[in-house]
Structure formats: C-alpha cells, structure tokens
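Reviewing the structure listed below.
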Amino acid sequence: MSVFDLLQRPAGKATIAHRIEAVLREDILHGTLAPGSRLNLDSLRTQMDVGLSPLREAVTRLVAEGLIEVAAQKGYTVAPISLANLNEVSALRVELEPYALRKSIENGGLDWEADVMGALHRLNKTDRIPGDPGSLSEWESANNAFHLTLIKRCDMPLLLKIHHSLVSMNDRYRHIYLKAVRVQREVIEEHTAIAEAAVARQADRAASLLTGHIERSTNNLRRLIAAALPKDAS
C-alpha cells in the first residue's frame, strides 16, 4: 500500500496522525527509513502532503514506541540497531511475556481459550514463503496476533503497551535481516505446545515453553545479524 493510498482514505476511525504513524512505522520496520537516519519533518510533510501538526503527533507516538529518537539540537532520527539493543529487547520479553501469560491463564475463561486456539490455527495455516513479501507479512501478522492473544487476559494495560513496543522493535530486526534468508526456523510445534499448555492451565510448562521459544528465536536472529552489523554497533 502506498503512502498516497493510506493518507487519502476517508476520515473514519483512523485519524490522519494515525495513518501517518502507520506509514512511518512500516517504513522503519522494513528498513525503508534506515536505522540511524535523520528525519526531516519539513521534507516528510511535503512528501506526504500532510500538515505539520498531525506529523508531529505521529512522530511523537513513535518516539514513545522506541522506533524514533529525539535529541536536543539534533532533531529526530530513526532508532539505531545493535546486538546490545536486540539482547535487551529479548531479555525484557523473556521477563515480561511469560509473566503476562501466567496472569492470562489465571484470568482467562473459555472465550480466551477459544481465542488462543483460533489464533494458533490461523498462524499454523498461514504459509511463510521465502522471497514472497506478501506471505511473510501475513505470517508476521498472524504470529504477532497469536502472541498477543496468549497474554491479552493478563488485564494489565501498561504491560501490554510495553509488550507492543518490544514486539515492534524485535520485528524490525526480523524484517531487515530475514528478508533475504530462504530458510527460517520451523516453529509450528513450538507454538502448538505453548497454546496447548496454556489452555490446559499448565502455567509453569506454558511459561517455560514460551521462554525457550523467545530465546531460540533471538539466538537464530543474533547469529544471522552479528556478521552484518558494524563492529561498533555490537
């Protein structure tokens, strides 16, 4: 979808600022706006044909999300990437996501169980075809929906907000560095085991499986990008 298509949609649930935010997030997550690059708001305003006020609102939200940084006298830049940052994102997910899953298992009822198994079914039925951006995007969407469904009944809005930010930062590494990789780790069995343990109310097992899943995914990505990053970015 082009910037023009998104920004020209009729007014509805999404405001202009939300649409700008969506475009910028997509460009950041997929490396179109390169990590560490400076953002010139005047140039972006002209390119998108939008007002400065909604643009600033969108950028401010992405600052809060950790995808854009702002510094005095330097303005806005796309957040840089590094192994240290990836490790921190993973460490926080390992601490927070299994905790949120435990709370969901405590709070969730039959509807939550049905949602978890439905999200699992959709994910397992979504093909991830190397070299096909459309299928990769659909898989990423289904994967994120599955992980969110697992923890959404933690009933902790702040934790869910933090989780959303961590997932966005993690996705940027995957989008940038996995797009050229033809073989990706198979995770159907892992997702299925996590979901089945969760709906069976096996909290310790579900949390342990989720922790291992996050760690293996990070290790796979870490090995891939270590050689690609500049030495001063490690």
Side-chain angles (χ1 to χ4, degrees), residues 29-31 35 66 81-105 115-133 135-152 154 159-160 162-229 233-234:
L29 292 182
H30 289 84
I81 58 178
S82 67
L83 285 176
N85 177 257
L86 174 63
N87 291 338
E88 183 177 358
V89 169
S90 175
L92 289 170
R93 286 190 66 193
V94 163
E95 291 296 323
L96 296 178
E97 204 165 323
Y99 172 77
L101 177 56
R102 288 179 180 274
K103 301 302 290 185
S104 277
I105 292 172
D115 289 344
V116 168
M117 298 312 292
L120 173 69
H121 181 74
R122 179 190 172 206
L123 176 56
N124 285 349
K125 291 295 184 179
T126 301
D127 291 329
R128 179 167 53 167
I129 304 171
D132 181 352
S135 75
L136 295 176
S137 178
E138 288 181 9
W139 188 91
E140 289 283 351
S141 177
N143 181 62
N144 288 344
F146 171 71
H147 279 270
L148 177 59
T149 302
L150 282 172
I151 68 171
K152 68 179 182 179
C154 70
L159 192 157
L160 292 175
I162 294 170
H163 176 261
H164 173 75
S165 178
L166 292 172
V167 168
S168 291
M169 287 186 277
N170 186 78
D171 282 352
R172 184 163 66 133
Y173 288 93
R174 287 203 310 214
H175 290 153
I176 293 174
Y177 289 98
L178 288 183
K179 60 186 177 183
V181 177
R182 298 198 62 81
V183 178
Q184 300 184 33
R185 192 167 63 88
E186 183 55 71
V187 292
I188 289 178
E189 292 82 1
E190 292 180 22
H191 287 145
T192 301
I194 294 167
E196 290 179 345
V199 300
R201 310 293 169 161
Q202 299 171 346
D204 289 343
R205 174 172 168 76
S208 177
L209 288 169
L210 180 57
T211 297
H213 172 70
I214 295 170
E215 289 176 339
R216 281 187 290 275
S217 296
T218 301
N219 287 338
N220 183 58
L221 183 55
R222 185 184 294 115
R223 287 192 297 269
L224 179 65
I225 72 175
L229 286 172
S234 62

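The model shown is predicted, which means the values in this text are computed figures rather than measured ones.
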Assign the ring pair H147 / H213 to parallel, tilted or perpendicular, where the plane angle (0 to 90°) is split at 30° and 60°.
parallel

Let me know which of I214, V89, N144 forms a side chain to side chain contact (heavy atoms under 4.5 Å, CB included) with N170.
V89

Residue pair H191 / W139: nearest heavy atoms and the distance that separates them:
CE1-CZ2, 4.3 Å

I151 CD1 to H163 NE2 distance, which is reported to the nearest 0.5 Å:
4.0 Å

Whether S168 side chain and H164 backbone form a donor-acceptor pair below 3.5 Å:
yes

What's the verdict on side chain to side chain contact (heavy atoms under 4.5 Å, CB included) for E97 and L166, showing C-alpha distance, side-chain angles and the deciding distance?
CA-CA 10 Å; E97 204 165 323; L166 292 172; over 6 Å; no

Polar side chain donor-acceptor pair, N219 to R222, under 3.5 angstrom
yes

Are there more than 12 heavy atoms of other residues, nucleotides or ligands under 6.0 Å from atom CD of E95?
no

I need the I188 CD1 to K125 NZ distance, nearest 0.5 Å.
9.0 Å

On a heavy-atom basis, the closest approach of S90 and T218 is OG-OG1, 3.1 Å

Donor-acceptor contact present, side-chain Y173 to main-chain S82, <3.5 Å
yes

Rounded at 0.5 Å granularity, tell me how far CG in L83 sits from CD in E88.
13.0 Å

Start with the C-alpha distance between L120 and T149, add both sets of side-chain angles, then the distance that settles side chain to side chain contact (heavy atoms under 4.5 Å, CB included), and finish with yes or no.
CA-CA 9 Å; L120 173 69; T149 302; over 6 Å; no

In short, L209 meets A193 closest at the heavy-atom pair CD1-O, 3.6 Å

Given side chains that start at C-beta, do those of D171 and R174 come closer than 4.5 Å, heavy atoms only?
yes

Can you check whether D204's main-chain N or O pairs, donor with acceptor, with S208's side chain at less than 3.5 Å?
no

Taking S104 for its side chain and L150 for its backbone only, find out whether a donor-acceptor pair lies under 3.5 Å.
yes

Taking atom OG of S141 and atom CZ of R122, what is their separation to the nearest 0.5 Å?
4.5 Å

Please name the pair of heavy atoms, one in A203 and one in I105, separated by the smallest distance, quoted to 0.1 Å.
CA-CD1, 3.7 Å

Correct closest heavy-atom pair for C154 and A100 would be CB-O, 3.5 Å

Please give me the minimum heavy-atom distance between A195 and V116, naming the atom from each residue.
CB-CG1, 3.8 Å

Roughly how far, to the nearest 0.5 Å, is the CG atom of L101 from the NZ atom of K152?
13.5 Å

Within the side chain of R172, is there an N or O that forms a donor-acceptor pair under 3.5 Å with the backbone of G31?
no

Check the pair N220, R223 against side chain to side chain contact (heavy atoms under 4.5 Å, CB included), reporting the backbone distance first and the verdict last.
CA-CA 6 Å; N220 183 58; R223 287 192 297 269; 3.9 Å; yes

Check the pair V94, E215 against side chain to side chain contact (heavy atoms under 4.5 Å, CB included), reporting the backbone distance first and the verdict last.
CA-CA 7 Å; V94 163; E215 289 176 339; 3.9 Å; yes

Do other residues, nucleotides or ligands put more than 12 heavy atoms under 6.0 Å from R205 CZ?
no

From M169 CE over to L86 CG, what is the distance, rounded to the nearest 0.5 angstrom?
11.0 Å

